[in-house]
Amino acid sequence: MRRLFPVVTTTLVLVLALALALSACESEEGVSGGGSVQGVESGENGRMDMQEAAERSDAMLDAVLGAIDPDVQWAHGPTTTRACGVTRRRAVMTVISADRRQTFLDRAEAFWRKSDYRIKAVNKDDVFPAVYAVTKAGFGVSVSFRGKGQAFLEADSPCVKESKVAPPATEPNGPAYEGVYPLPRPAVRSDFWSRKSGESGESGEGS
């Protein structure tokens, strides 16, 4: 019996180590981008690839920009890929005054809540506010204000199958700025979005 005890102990340790390794593999497959959820199903083999994820990200960005009223001019930002995910970006070329930034974010957030996205975080900073959401499929999407008050939208995919990624098919509603990086700062004026407190002549549109 004394000889059996070390053998049993060694076997138990090996079984536990194997279980932990399998658990880690499953986590790496099913989680990405700050807590996204398991498995995006698509394609012939049942798992979405990077191109399909990019197309879904494009559709998400199209949708939120379409929900913001009055509309703003935007351009595509760079597409980037990581180990098992893809990020699409768009930059807003309309000038959004400091007084209108929270309104812009509120309209994006309201659309995402209506679409049953989960709001992960809201940054109420006066200069660089932002809102972050995630879909049930694990896609992360955000709107944030950065340098010179420019608004940026991003959509991050969960972990998907590696593949080539084509440029976005959606045409921007202004200049494309192909091959230009970094993109210009916003310069398009809007009666609503560019208006500052105390200015007269506010358009009733979008109020």
Side-chain angles (χ1 to χ4, degrees), residues 23-43 45-69 71-72 74-92 96 100-147 149-170 172 183:
S23 176
C25 289
E26 289 174 0
S27 297
E28 186 175 352
E29 282 291 311
V31 179
S32 76
S36 52
V37 297
Q38 252 184 8
V40 183
E41 299 290 331
S42 185
N45 61 358
R47 186 180 176 194
M48 181 177 285
D49 63 24
M50 286 183 173
Q51 177 59 38
E52 292 171 315
E55 291 171 1
R56 183 174 294 189
S57 295
D58 290 336
M60 292 167 55
L61 296 176
D62 286 342
V64 68
L65 282 166
I68 292 174
D69 180 43
D71 62 355
V72 293
W74 60 269
H76 288 293
T79 296
T80 56
T81 58
R82 52 190 188 278
C84 62
V86 59
T87 300
R88 292 288 211 200
R89 297 177 175 85
R90 296 187 188 181
V92 174
I96 302 176
R100 296 297 195 191
R101 290 172 194 169
Q102 192 57 56
T103 301
F104 190 88
L105 294 176
D106 288 345
R107 294 186 180 181
E109 181 179 346
F111 172 74
W112 289 334
R113 289 188 184 278
K114 184 178 178 181
S115 303
D116 206 23
Y117 292 11
R118 179 172 60 87
I119 304 302
K120 288 182 62 178
V122 176
N123 181 354
K124 295 285 189 178
D125 186 86
D126 291 337
V127 181
F128 302 120
V131 59
Y132 304 88
V134 64
T135 73
K136 289 183 178 180
F139 283 78
V141 64
S142 66
V143 179
S144 60
F145 283 88
R146 303 177 193 169
Q150 189 165 20
F152 291 88
L153 295 91
E154 294 188 5
D156 299 303
S157 80
C159 193
V160 293
K161 187 173 64 175
E162 185 176 3
S163 72
K164 293 183 178 179
V165 179
T170 306
L183 292 172

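Heads up: numbering here begins at 1 and tracks the sequence.
A search for side-chain hydrogen bond (donor to acceptor under 3.5 Å, both in side chains) contacts involving T79 returns R88, not counting sequence neighbours. In this view, D116 and K136 satisfy the side-chain contact (heavy atoms from CB on, under 4.5 Å) rule, not counting sequence neighbours. Partners of F111 under the ring pair (Phe, Tyr, Trp, His ring centres under 6.0 Å) rule, at least two apart in sequence or in another chain, do not exist in this structure. Q51 is linked by a side-chain contact (heavy atoms from CB on, under 4.5 Å) to D49, E55, S163, V165, A166, counting only residues two or more places apart in sequence or in another chain. Here Q150 pairs with nothing under the side-chain hydrogen bond (donor to acceptor under 3.5 Å, both in side chains) rule; sequence neighbours left out. Residues satisfying the side-chain hydrogen bond (donor to acceptor under 3.5 Å, both in side chains) criterion with T80, sequence neighbours excluded, are R89. Take S144 and apply the side-chain hydrogen bond (donor to acceptor under 3.5 Å, both in side chains) test, not counting sequence neighbours, and it matches R146. In terms of the salt bridge (Lys or Arg N to Asp or Glu O under 4.0 Å) criterion, residue partners of D62 (sequence neighbours excluded) are, by chain and number, R90.
Atom CE of M50 is separated from atom CZ of R82 by 7.5 Å, given to the nearest 0.5 angstrom. To the nearest 0.5 angstrom, L65 atom CG is 10.0 Å from T170 atom OG1. Put simply, CG on D106 and CZ on R101 are 14.0 Å apart, with the number rounded to the nearest 0.5 Å. The CG atom of D69 lies 7.5 Å from the CG atom of D71; values are rounded to the nearest 0.5 Å. Taken from CG in D156 to OH in Y132, the straight-line distance is 10.5 Å, to the nearest 0.5 Å.
Across every non-hydrogen atom of F139 and A53, the tightest pair is CE2-O, 3.6 Å. Looking at every heavy atom in both residues, V127 comes nearest to F145 through O-CB, 4.2 Å. For the residue pair L105 and P129, the shortest heavy atom distance occurs at CD1-CB, 3.4 Å. When all heavy atoms of G85 and S157 are compared, the closest pair comes out as CA-OG, 3.3 Å.
Residues W74 and L61 form no side-chain contact, since every pair of their non-hydrogen atoms from C-beta on lies 4.5 Å or further apart. Between V143 and W112 the shortest side-chain heavy-atom distance falls below 4.5 Å.
At distances below 3.5 Å, not a single donor-acceptor pair connects side-chain atoms of R107 with backbone N or O atoms of A67. No side-chain donor-acceptor contact under 3.5 Å links S115 to the backbone of Y117.
Comment: R56 does not engage E52 in a salt bridge, judged by the lack of any side-chain N to carboxylate O separation of less than 4.0 angstrom.
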